[in-house]
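Read the structure below first, then the notes.
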Amino acid sequence: MKHIVLNRIKTPDGTVLISKHRHDYVSHLDANGECYMVDGGTDYLRRNVNIEPFEEQSIYSDAPHTEIRQGFYWGTRGKNGDQPVKFKPLKELDTSHIEAIILTQTHLAKWRLDVFEAELLFRKTKMEPSP
């Protein structure tokens with residue numbers, strides 16, 4: 001079963017809207033006068049209907065890993081957990097952070113754990129330096 005990795009559209013004026021988590025409603029009044037919106041994060045896709053269509057740019061779990069690692073975001077509060085939440089793409093997470101997520105975040109859906117494992121394998125086989 002495929003899952004939503006990135007919930008994203010591009011409006012006619014080029015504005016990119018991303019919904020990062022469930023009930024993360026994001027809207028934009030486009031240069032054409034129409035309002036565009038995204039909602040649902042990785043749980044569901046919600047859009048509105050417009051006269052001038054938007055460009056769908058969502059990424060799913062069956063995409064190549066090179067796309068997933070750019071589109072899969074993880075919310076982090078910093079090394080000590082005392083910072084405001086910042087969403088970072090998977091490719092920017094430290095290897096040690098990914099390893100810690102796999103060990104400690106036992107509540108995550110299997111498909112999310114699979115994404116983290118695939119990133120570790122990608123880094124090992126591509127011999128990329130850890131960010």
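Along the sequence shown, the residues carry numbers beginning at 1.
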Legend entry - Qualifying ring-ring contact (aromatic ring centres under 6.0 Å, His included) pairs with a residue from residues 8-53, counting only residues at least two apart or across chains: none
Legend entry - Residue pair I102 / L113: nearest heavy atoms and the distance that separates them: CA-CD2, 4.3 Å
Legend entry - Atom of D24, atom of I18 and distance for their closest heavy-atom approach: OD2-O, 4.0 Å
Side-chain heavy atoms nearer than 4.5 Å, only ILVMFWY residues, links allowed to pass through others: does that put [X] and [Y] together?
{"X": "Y73", "Y": "I101", "value": "yes"}
{"X": "L17", "Y": "F72", "value": "no"}
{"X": "F87", "Y": "V16", "value": "yes"}

Legend entry - Side-chain cluster (under 4.5 Å, hydrophobic types only) that L45 belongs to, other residues: I4, Y60
Check: [X] side chain, [Y] main-chain N or O, donor-acceptor pair, under 3.5 Å:
{"X": "E56", "Y": "S58", "result": "yes"}
{"X": "R69", "Y": "L90", "result": "no"}
{"X": "E34", "Y": "I51", "result": "yes"}
{"X": "E119", "Y": "V115", "result": "no"}

Quick check for you: to the nearest 0.5 Å, what is the distance between [X] atom [atom1] and [Y] atom [atom2]?
{"X": "L29", "Y": "T15", "atom1": "CG", "atom2": "OG1", "result": "10.0 Å"}
{"X": "T95", "Y": "R123", "atom1": "OG1", "atom2": "CZ", "result": "4.0 Å"}
{"X": "D62", "Y": "K2", "atom1": "CG", "atom2": "NZ", "result": "4.5 Å"}
{"X": "K88", "Y": "T76", "atom1": "NZ", "atom2": "OG1", "result": "6.5 Å"}
{"X": "E52", "Y": "D30", "atom1": "CD", "atom2": "CG", "result": "7.0 Å"}
{"X": "L93", "Y": "F116", "atom1": "CG", "atom2": "CZ", "result": "6.5 Å"}

Is there a donor-acceptor contact under 3.5 Å linking the side chains of [X] and [Y]?
{"X": "D13", "Y": "T11", "answer": "yes"}
{"X": "R46", "Y": "S19", "answer": "no"}
{"X": "R22", "Y": "N7", "answer": "no"}

Do [X] and [Y] have side chains that get closer than 4.5 Å, going by heavy atoms?
{"X": "I59", "Y": "Q70", "answer": "no"}
{"X": "V85", "Y": "R77", "answer": "yes"}
{"X": "H65", "Y": "L121", "answer": "no"}
{"X": "K124", "Y": "L120", "answer": "no"}

Inset, instruction - Dump the intermediate steps for side chain to side chain contact (heavy atoms under 4.5 Å, CB included) on T66 and F122, then the final yes or no. - result: CA-CA 9 Å; T66 52; F122 178 85; 4.0 Å; yes
Inset, instruction - Name the orientation class of the two ring planes belonging to W111 and H3 (parallel below 30°, tilted from 30 to 60°, perpendicular beyond 60°). - result: parallel
